[in-house]
Amino acid sequence: MQEAHAHAHNHPNKKKVVNRLARIEGHVRSIKTMVDNDRDCSEVLIQIAAVRKALDNTAKVILKDHLEHCLLHAIEKGEGSKSLEDFEAAIDQYLR
């Protein structure tokens, strides 16, 4: 598991990310209900694909936030190479 950054996170899109994750959580619960109710597999798979897309879009918001705030902040403080290494490791982990 990756270590946390040393600086505090104050991201302007935090509320947007939390709201998206709450919607995704509700969507996953509804998929579970679909399976419990023996819904057609193709319908379940379509909903799973929608959740995956929603997670990817949420990850893009987090990535953009990180680029605009964490990485630029670290570069301004002269800590760019370490922050860039952390960022690259996070991207590698996400793209696995």
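Fair warning: this is a prediction, and the values are worked out from it, not measured in the lab. The analysis underlying the following values was restricted to heavy atoms, covering all of them including side chains, and did not include hydrogens, waters or symmetry mates.
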Discussion item. For Lys14, give me all partners under salt bridge (Lys or Arg N to Asp or Glu O under 4.0 Å), at least two apart in sequence or on another chain.
Written reply: none

Can you get from [X] to [Y] by hopping between Ile, Leu, Val, Met, Phe, Trp and Tyr side chains that sit under 4.5 Å apart?
X	Y	value
Val35	Ile48	yes
Val61	Leu63	no
Ile46	Met34	no

Worksheet item: By side chain to side chain donor-acceptor pair (under 3.5 Å), which residues pair with Asn19, not counting sequence neighbours?
Response: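 Side chain to side chain donor-acceptor pair (under 3.5 Å) check on Asn19 returns nothing, list empty.
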
Fill in: Residue pairs passing the salt bridge (charged side-chain N to carboxylate O under 4.0 Å, His left out) test where at least one lies in residues 17-27, sequence neighbours excluded
Glu25-Arg29

Practice prompt. Quick one: which residue pairs count as a side chain to side chain donor-acceptor pair (under 3.5 Å) with a foot in residues 35-50, not counting sequence neighbours?
Written response: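 Applying side chain to side chain donor-acceptor pair (under 3.5 Å) to every pair that reaches into residues 35-50, excluding sequence neighbours, yields His27-Gln47, Arg39-Glu43, Asp40-Ser42.
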
Distance-only donor-acceptor hits, side chain of residues 52-60, under 3.5 Å, sequence neighbours excluded:
residue, atom, partner, partner atom, Å
Asp56, OD1, Tyr94, OH, 2.7
Asn57, ND2, Lys53, O, 3.4
Thr58, OG1, Ala54, O, 2.9

Worksheet item: Ile24 and Val51: which non-hydrogen atoms are nearest, and at how many Å?
Response: CG2-CG1, 3.9 Å

